[in-house]
Amino acid sequence: MCQLLAMSCKLPATINFSFEGFATRGGQTDEHRDGWGIAFFEDQGCRMFLDTLSSVSSPIANLIKHYPIKSRYVIAHIRKATEGSGGVALQNCHPFQRELWGRPWIFAHNGQVNAFTDRSGIPSIHAAVGQTDSERAFCYVLNQLRARYSAQPPLSELTRSIRELAQEIAVFGTFNFLLSNGEFMFAHCTTNLHFVTRRYPFTTVKLIDCDMQIDLSKHNSVNDVISVIATQPLTTNEHWQAFEPGELRVFVDGRSVDVSENPVTL
C-alpha cells in the first residue's frame with residue numbers, strides 16, 4: 001500500500017526534515033516506487049509537486065528536501081500502485097486537489113476501496129481524472145459536502161459529515177486518508193496512522209530511515225506547536241501516538257482538537 005505524511009502547525013514551518021525520512025521509503029527502505037506528491041498551503045493558495053518517478057530518484061523530491069517552503073498545512077504521499085488503482089501516471093499520483101466553497105481542498109489516501117461507487121444520485125460536480133479508487137472517493141466526499149452545504153459550515157458540523165462519509169466508504173476496504181483546506185486538517189484511520197505533537201521545550205529527534213537528526217530547539221520558538229502525521233513513525237526517540245481503527249482526528253494550529261466538546265473558532 002501507499003504511505004501518508006502530513007503536518008499541521010501553529011506558525012508556518014518547513015517539512016524538510018520529516019520529508020527526508022519519508023521520501024526514503026519511496027524505493028529505498030520500502031517499496032513505494034510508483035510516484036509521489038506533496039502539497040503546501042500558503043495563505044489561500046496551494047503549491048503542489050507531483051512526479052511519476054520514485055521519491056528516492058526524483059529530482060523534484062530532492063528539491064523539496066532542500067527548498068525551505070514554509071506552510072501551516074502540508075500533505076504528502078508516496079505511491080505503490082495496486083490492482084485496480086490505475087497505472088503509474090501523473091493523473092494517478094496523490095495528493096489530489098479540487099475547489100470547494102472558494103478554497104482548494106487537498107486529499108491523499110492509503111488503502112483500497114475499489115468496490116465503492118457513487119450511488120447517491122447527486123449531481124457530480126467533481127469527477128475523477130485518473131483511474132484510482134482514491135480520487136473517486138475524494139470526489140464523492142466533496143460532491144456530498146457541496147450538496148449538503150451551500151457554504152462552509154461550522155467545523156463541528158463539518159466534522160460530523162466527514163466522519164459519516166468516511167464510515168460509509170470504509171465499509172468497502174481500507175480508508176486511511178488526509179484531507180485539508182488550509183484552515184484545518186482531517187486525518188482518518190482504518191488500519192495504520194500515527195502522529196506526534198512537538199512543542200516547547202523542543203529536543204533533538206532522529207530519523208528511522210536514514211542517519212539524520214535535528215535539534216528542533218534551534219529552529220523553533222516557544223510559541224511553535226507542530227503535529228506530524230504519518231502512516232508509520234518517522235523518528236526513533238519520540239512518542240508517536242497510534243490512531244484507533246475508525247478514528248477521525250481534526251488538527252488545528254498544530255494541535256489535535258476535539259471539536260465536539262471544545263468548539264474551535266477559526
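In this text, all values refer to a predicted model and were calculated from it rather than measured experimentally.
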A.B. asks: With hydrophobic residues grouped by side-chain heavy-atom distances under 4.5 Å, do F96 and L4 end up in a single group?
C.D. replies: yes
A.B. asks: Where do D118 and S124 come nearest, in terms of heavy atoms and distance?
C.D. replies: OD2-OG, 4.1 Å
A.B. asks: Heavy-atom distance under 4.5 Å between the side chains of H126 and R146, does that happen here?
C.D. replies: yes
A.B. asks: With a 6.0 Å cut-off (strictly less than), is the heavy-atom count around NZ of K70, excluding the residue itself, greater than 12?
C.D. replies: no
A.B. asks: Short question: side chain of D43, backbone of G45 - any donor-acceptor pair under 3.5 Å?
C.D. replies: no
A.B. asks: Taking the side chain as C-beta and beyond, is there a heavy-atom pair between L145 and I162 under 4.5 Å?
C.D. replies: yes
A.B. asks: What is the ring orientation for F195 with F243, classed by angle as parallel under 30°, tilted 30 to 60°, or perpendicular over 60°?
C.D. replies: perpendicular
A.B. asks: Is there a side chain to side chain contact (heavy atoms under 4.5 Å, CB included) between C46 and Q97 once you walk through the steps?
C.D. replies: CA-CA 9 Å; C46 186; Q97 179 178 190; 3.9 Å; yes
A.B. asks: Go through Y73 and F40 one step at a time and tell me if the side chain to side chain contact (heavy atoms under 4.5 Å, CB included) criterion holds.
C.D. replies: CA-CA 6 Å; Y73 291 93; F40 300 84; over 6 Å; no
A.B. asks: Side chains of F186 and L158: closer than 4.5 Å at any heavy-atom pair?
C.D. replies: yes
A.B. asks: Treating Ile, Leu, Val, Met, Phe, Trp and Tyr as nodes and any side-chain heavy-atom pair under 4.5 angstrom as an edge, say whether F172 and L165 lie in one connected cluster.
C.D. replies: yes
A.B. asks: Applying a strict under-4.5 Å side-chain criterion to I, L, V, M, F, W and Y, I'd like to know whether L63 and W36 cluster together.
C.D. replies: yes
A.B. asks: Answer yes if the side chains of T191 and N176 hold a donor-acceptor pair under 3.5 Å, and no otherwise.
C.D. replies: yes
A.B. asks: Which heavy atom of N92 sits nearest to which heavy atom of G87, and what is that distance?
C.D. replies: ND2-O, 3.0 Å
A.B. asks: If you group Ile, Leu, Val, Met, Phe, Trp and Tyr by side-chain heavy-atom gaps below 4.5 Å, do V196 and M185 land in one group?
C.D. replies: no
A.B. asks: Do S54 and S57 meet the criterion of a side-chain donor-acceptor pair at a distance under 3.5 Å?
C.D. replies: yes
A.B. asks: Quick check for you: to the nearest 0.5 Å, what is the distance between D133 atom CG and T117 atom OG1?
C.D. replies: 12.0 Å
A.B. asks: Check A61 against S55 and note the closest heavy-atom contact, atom names and distance.
C.D. replies: CB-O, 3.3 Å
A.B. asks: Just so I know, are the side chains of E183 and R103 near enough to count as touching, which here means a heavy-atom distance under 4.5 Å?
C.D. replies: yes
A.B. asks: Would you call F116 and E168 a side-chain contact if the rule is heavy atoms closer than 4.5 Å?
C.D. replies: yes
A.B. asks: Can you tell me how far CZ of F41 sits from CE of M7, rounded to the nearest 0.5 angstrom?
C.D. replies: 12.0 Å
A.B. asks: Using side-chain hydrogen bond (donor to acceptor under 3.5 Å, both in side chains) as the criterion, list what pairs up with R160, not counting sequence neighbours.
C.D. replies: none
A.B. asks: Taking atom types as modelled, is there a side-chain donor on T231 or N192 under 3.5 Å from an acceptor on the other?
C.D. replies: no
A.B. asks: Hey, what's the ring geometry for F22 with F19, parallel, tilted or perpendicular (30° and 60° as the breaks)?
C.D. replies: tilted
A.B. asks: Check the angle between the aromatic planes of W105 and W101 and answer parallel, tilted or perpendicular using the 30° and 60° thresholds.
C.D. replies: perpendicular
A.B. asks: Please lay out, stage by stage, how D253 and R72 fare under the test salt bridge (charged side-chain N to carboxylate O under 4.0 Å, His left out).
C.D. replies: CA-CA 7 Å; D253 292 340; R72 292 178 56 241; 2.3 Å; yes
A.B. asks: Without swapping roles, check the side chain of T24 against the backbone of E20 for a donor-acceptor pair under 3.5 Å.
C.D. replies: yes
A.B. asks: Mind checking what makes side-chain hydrogen bond (donor to acceptor under 3.5 Å, both in side chains) contact with E164, not counting sequence neighbours?
C.D. replies: R148
A.B. asks: Can you confirm whether the side chains of T29 and D209 place a donor and an acceptor under 3.5 Å from each other?
C.D. replies: yes
A.B. asks: Please round to the nearest 0.5 Å and tell me the distance separating atom CG of N181 and atom CG of L142.
C.D. replies: 10.5 Å
A.B. asks: Given the rule that I, L, V, M, F, W and Y join up when any side-chain heavy atoms are under 4.5 Å apart, are L193 and I78 in one cluster?
C.D. replies: no
A.B. asks: Which atom names give the shortest non-hydrogen contact between N114 and R136, and what distance separates them?
C.D. replies: O-NH2, 3.8 Å
A.B. asks: Testing the basics here: between L53 and P59, what is the closest heavy-atom pair and its distance to 0.1 Å?
C.D. replies: CD1-CD, 4.0 Å
A.B. asks: Atom CG of D224 and atom CG of L11: how far apart are they, to the nearest 0.5 Å?
C.D. replies: 5.0 Å
A.B. asks: Less than 4.5 Å apart, side chain to side chain, heavy atoms only: is that true for R198 and V228?
C.D. replies: yes
A.B. asks: If you compare all heavy atoms of A187 against all heavy atoms of L178, which two are closest, and at what distance to 0.1 Å?
C.D. replies: CB-CD2, 3.8 Å
A.B. asks: Apply side chain to side chain contact (heavy atoms under 4.5 Å, CB included) to residues L216 and T204 and explain how you reach the verdict.
C.D. replies: CA-CA 6 Å; L216 295 173; T204 297; over 6 Å; no
A.B. asks: Testing the 3.5 Å rule here: is there a donor-acceptor pair between the side chains of S227 and T197?
C.D. replies: yes
A.B. asks: Measure the acute angle between the ring planes of F175 and F177, then classify it against the limits of 30° and 60° as parallel, tilted or perpendicular.
C.D. replies: tilted
A.B. asks: Which of these, H94, Q91, H109, R98, sits in a side-chain hydrogen bond (donor to acceptor under 3.5 Å, both in side chains) with E135?
C.D. replies: R98
A.B. asks: Can you tell me if S8 uses its side chain to pair, donor with acceptor, with the backbone of G254 under 3.5 Å?
C.D. replies: yes
A.B. asks: Rounded to the nearest 0.5 Å, what separation is found between the OG atom of S71 and the CD atom of E42?
C.D. replies: 6.0 Å
A.B. asks: Checking the side chain of T235 only, and the main-chain atoms of N237 only, is there a donor and an acceptor separated by less than 3.5 Å?
C.D. replies: no
A.B. asks: Test V205 against I214 for side chain to side chain contact (heavy atoms under 4.5 Å, CB included), laying out the working first.
C.D. replies: CA-CA 6 Å; V205 296; I214 188 171; 3.7 Å; yes
A.B. asks: Checking S180 side chain against F184 main chain: does a donor-acceptor pair fall under 3.5 Å?
C.D. replies: yes
A.B. asks: Got a sec, which residues hit side-chain hydrogen bond (donor to acceptor under 3.5 Å, both in side chains) with Q3, two or more places apart in sequence or on another chain?
C.D. replies: R25, D30
A.B. asks: Mind checking the CD-CD1 spacing from Q144 to I169? Nearest 0.5 Å is all I need.
C.D. replies: 8.5 Å
A.B. asks: Hey, are the side chains of I106 and L179 touching, using non-hydrogen atoms and a 4.5 Å cut-off?
C.D. replies: no
A.B. asks: Side-chain contact, heavy-atom cut-off 4.5 Å: Y149 with S161?
C.D. replies: yes
